[in-house]
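Notes follow the structure.
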Amino acid sequence: MDLVVFVLASAMVIAGALGVVVFRNPVHAALGLVLTLFGVAVHFVAMEAHFLAAVQVIVYAGAIVVLFLFVIMLLGVDRAEDLSIEPIPIQRPLAAVVGAGTVVLVGTAVVRTRDTIARGPELEASGDSNIRLLARNLFSDQVLAFELTSVLLIVAVAGTVLLTRKQKRRPEHDGGGS
Amino acid sequence: MTVAPGSSALSLVAVDPLLDGGLRWTPLLIVGLKVLVIFVLGLVGTMFMVWFERKVVAGMQNRVGPNKAGPFGILQTLADGTKLFFKEILSPAKSDPWIFRLAPFLAFVPAFLVWSVIPLGGDFTEGRDGTVTWFGEVTRVQLADPPIGILLVLALSSVAVYGVMLAGWSSGSKYPLLGSVRATAQMISYEAALGLSLAAVLLTAGTLSTSGIVAGQASLSNWNIVATGFVPFAVFLVAVTAELNRPPFDLVEAEQELVGGFHTEYSGIPFALFYLAEFMNTITMSAIVVTLFLGGPQPITIGETTLSIGFLPGALEGTVWFVLKLLIFLYVFVWLRATLPRLRYDQLMDLGWKVMIPISLGWFLLLAAIRVGDANDWNPVAVVVISLVGLGLGYLMFSAALRVSARNREREGAMF
């Protein structure tokens, strides 16, 4: 049963990831990303991390990819672009190198540590014990990192607003416009 | 992952006492029966809701409403549905064929799945915990009781956004696109207020599971509408109305501006699915409000006395209470539709971001402060006063910031 779930979820993740790369239409690519995120959520459920699965769907699928789609729809870039024109010539070979490097790194990590990964304590499947553990950890040991992350997010939001605001330096008598 | 085979994969749906132990026939049959009953009830309930809405709105507008098919026109929805199923399914030339076909299901499936976590009944009389015994098995009157409970509802509502969004985009036409952009912006904006007022309930209940939330509301003073001090309830109700795109927040399908909104280009069965999803969402969201704030299937208990319907068996009584409470909210939604004019778009966004989110966040902080004070034996009056002063200062700064930005915009001559 575990194996079936694992294979199905992994197939979802990989199919979605391939879709992101292969599809020419940005909206289809974004939907491929959603499939990947759902696959990861299924993996979380299979590992008893229900809260993470729910948060994965709510935050990533529900907010972030919706935002992607929103931008795609609003900017009207939802037509397949002409891929023969290369804006930054070096990016394709660079992407190939980085991709291959990542595969090698992750593969090596898996092979070398497969016997030494410590098995964590067995989690209880029932009730809110998982969430309580997570909360206690997050708000006691990791509280500094948590606060710093929220500061980072605030800075990012403020920076975005500042960057996208058009500073209009106009003479005093100019009133109209839109 | 060394848990017993089967248990880890099922554990999202299996905290119900029914599914403890191995795979046996009786629990399997009971689960199948529950699925069937919920499916049929969901569809029949939606049919009833469409009829109810048309009839009540007609009454408020001094019309007769549907009155031909069946007694009081109650079969009108069935007739309309049958008609829709025989219509041709058109798809526009510029549409994106795959996504155009996928979108109705993305709207419809989450609407149905929400039913699975709502406690629809159960025996709560005399302090029982809501379990019932069917065919010798102890179970709850709800399809699934996952530990993440109410978060599943939020996750499903965030999936439902895709249905609306992709329907509008894939139609390849202007009005649906405008409608879906509006819908998405509105749903995302109000999800924050929804989540924050939900957090107030979770803070009081101390659990995410829906059956746990219901079990914690044993008497009237424990109902979350009282225990959280009414404000989260009001915010939740308004946010839910906006989430559902129902009047007065129905800019998404404002007929005068957008033809039909995101489902303009749909016909036949796909349109029926959107329509069904919309009305089913109204019912399920009302059920969520009842579960979170009004004790779900709990009978009304004031102090020691319980208003009990004596002649009914305990499990059925829970369902009767649940349906009665549900009907109140269904009526409220219809009432709002018949009486309130639609908001302007800037009013909608102002209400969401500048009123609802600050209020629900402030109230959440206040409730948290009171709880912390309770745990540490601080003087409750001082805690409340200090929190209110802090929140008031925050609000003053917030409104000052709003005023400054409004003045800046005026100077720049922007439109809003």
Side-chain angles (χ1 to χ4, degrees), chain A residues 1-6 8-9 25 27-28 30-31 34 38 41-42 44-63 65-67 69-70 72-74 76 78 119 122-132 165-168 170 172 174-178, chain B residues 1-15 17 20 23 96 98-99 102 106 145-162 165-166 168-170 172 177 180-181 184-185 187-188 191-192 195 202 206-209 212 408 410-415:
Chain A
M1 191 73 182
D2 277 346
L3 188 70
V4 174
V5 172
F6 179 79
L8 283 178
N25 190 323
V27 173
H28 294 177
L31 289 180
V34 174
F38 269 94
V42 174
F44 277 139
V45 172
M47 290 190 279
E48 307 284 330
H50 301 138
F51 182 74
L52 286 184
V55 168
Q56 170 91 3
V57 173
I58 294 171
V59 174
Y60 282 93
V65 182
V66 165
L67 199 69
L69 282 174
F70 206 61
I72 292 169
M73 277 159 59
L74 275 184
D78 51 353
R119 228 173 254 287
E122 202 84 343
L123 289 173
E124 285 175 56
S126 63
D128 303 304
S129 51
N130 256 340
I131 301 162
R132 281 182 209 283
R165 256 180 79 87
K166 286 180 200 132
Q167 283 293 345
K168 286 179 188 164
R170 290 187 188 183
E172 293 280 312
D174 188 10
S178 60
Chain B
M1 284 187 285
T2 51
V3 248
S7 76
S8 74
L10 278 174
S11 54
L12 183 68
V13 289
V15 188
D20 281 346
L23 209 56
D96 187 316
W98 279 102
I99 297 182
L102 176 73
L106 283 181
D145 187 16
I148 50 166
I150 205 74
L151 286 185
L152 193 70
V153 176
L154 284 188
L156 288 173
S157 83
S158 57
V159 173
V161 175
Y162 281 97
M165 185 174 215
L166 293 176
W169 175 79
S170 66
L177 184 65
S180 74
V181 167
T184 318
M187 284 163 117
I188 295 175
E191 218 161 53
L202 297 181
T207 174
L208 286 176
S209 121
N408 282 346
E410 211 162 281
R411 196 177 298 148
E412 286 171 15
M415 265 164 64

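The model shown is predicted, which means the values in this text are computed figures rather than measured ones. First the proteins, then the strands, lettered A, B, ... as listed; each starts at 1.
- In this structure, chain B has a heavy atom under 4.5 Å from the side chain of A:Leu31, while its backbone stays farther away.
- Two residues are said to be in side-chain contact when any heavy atoms from C-beta on lie closer than 4.5 Å; B:Leu152 and A:Val57 fail this criterion.
- Contact of B:Ala185 with chain A is made through backbone and side chain together, with heavy-atom distances under 4.5 Å.
- Here the straight-line distance linking atom CG of B:Leu156 with atom CD1 of A:Ile58 works out to 9.0 Å at 0.5 Å rounding.
- If you measure heavy-atom distances from A:Val34 to chain B, the contacts under 4.5 Å come from the side chain alone.
- The structure places CG of B:Leu151 at 12.0 Å from NE2 of A:His50, a figure rounded to the nearest 0.5 Å.
- Contact of the A:Ile72 side chain with the B:Trp169 side chain is not registered, since no non-hydrogen atoms from C-beta on lie closer than 4.5 Å.
- Between B:Ser158 and A:Gly62, the shortest heavy-atom contact is CB-CA, 3.4 Å.
- For B:Ser157, the side chain to side chain donor-acceptor pair (under 3.5 Å) criterion is met by B:Glu191, not counting sequence neighbours.
- In the displayed structure, A:Tyr60 atom OH is contacted under 6.0 Å by at most 12 heavy atoms of other residues, nucleotides or ligands.
- For chain A, the nearby parts of B:Val181 are the backbone and the side chain; heavy atoms of each come within less than 4.5 Å.
- At least one side-chain heavy atom of A:Asn25 sits less than 4.5 Å from a side-chain heavy atom of B:Asp96.
- Using a 4.5 Å cut-off between heavy atoms, B:Ile188 touches chain A through its side chain atoms alone.
- Distance check: B:Ser180 OG to A:Phe70 CZ gives 8.5 Å after rounding to the nearest 0.5 Å.
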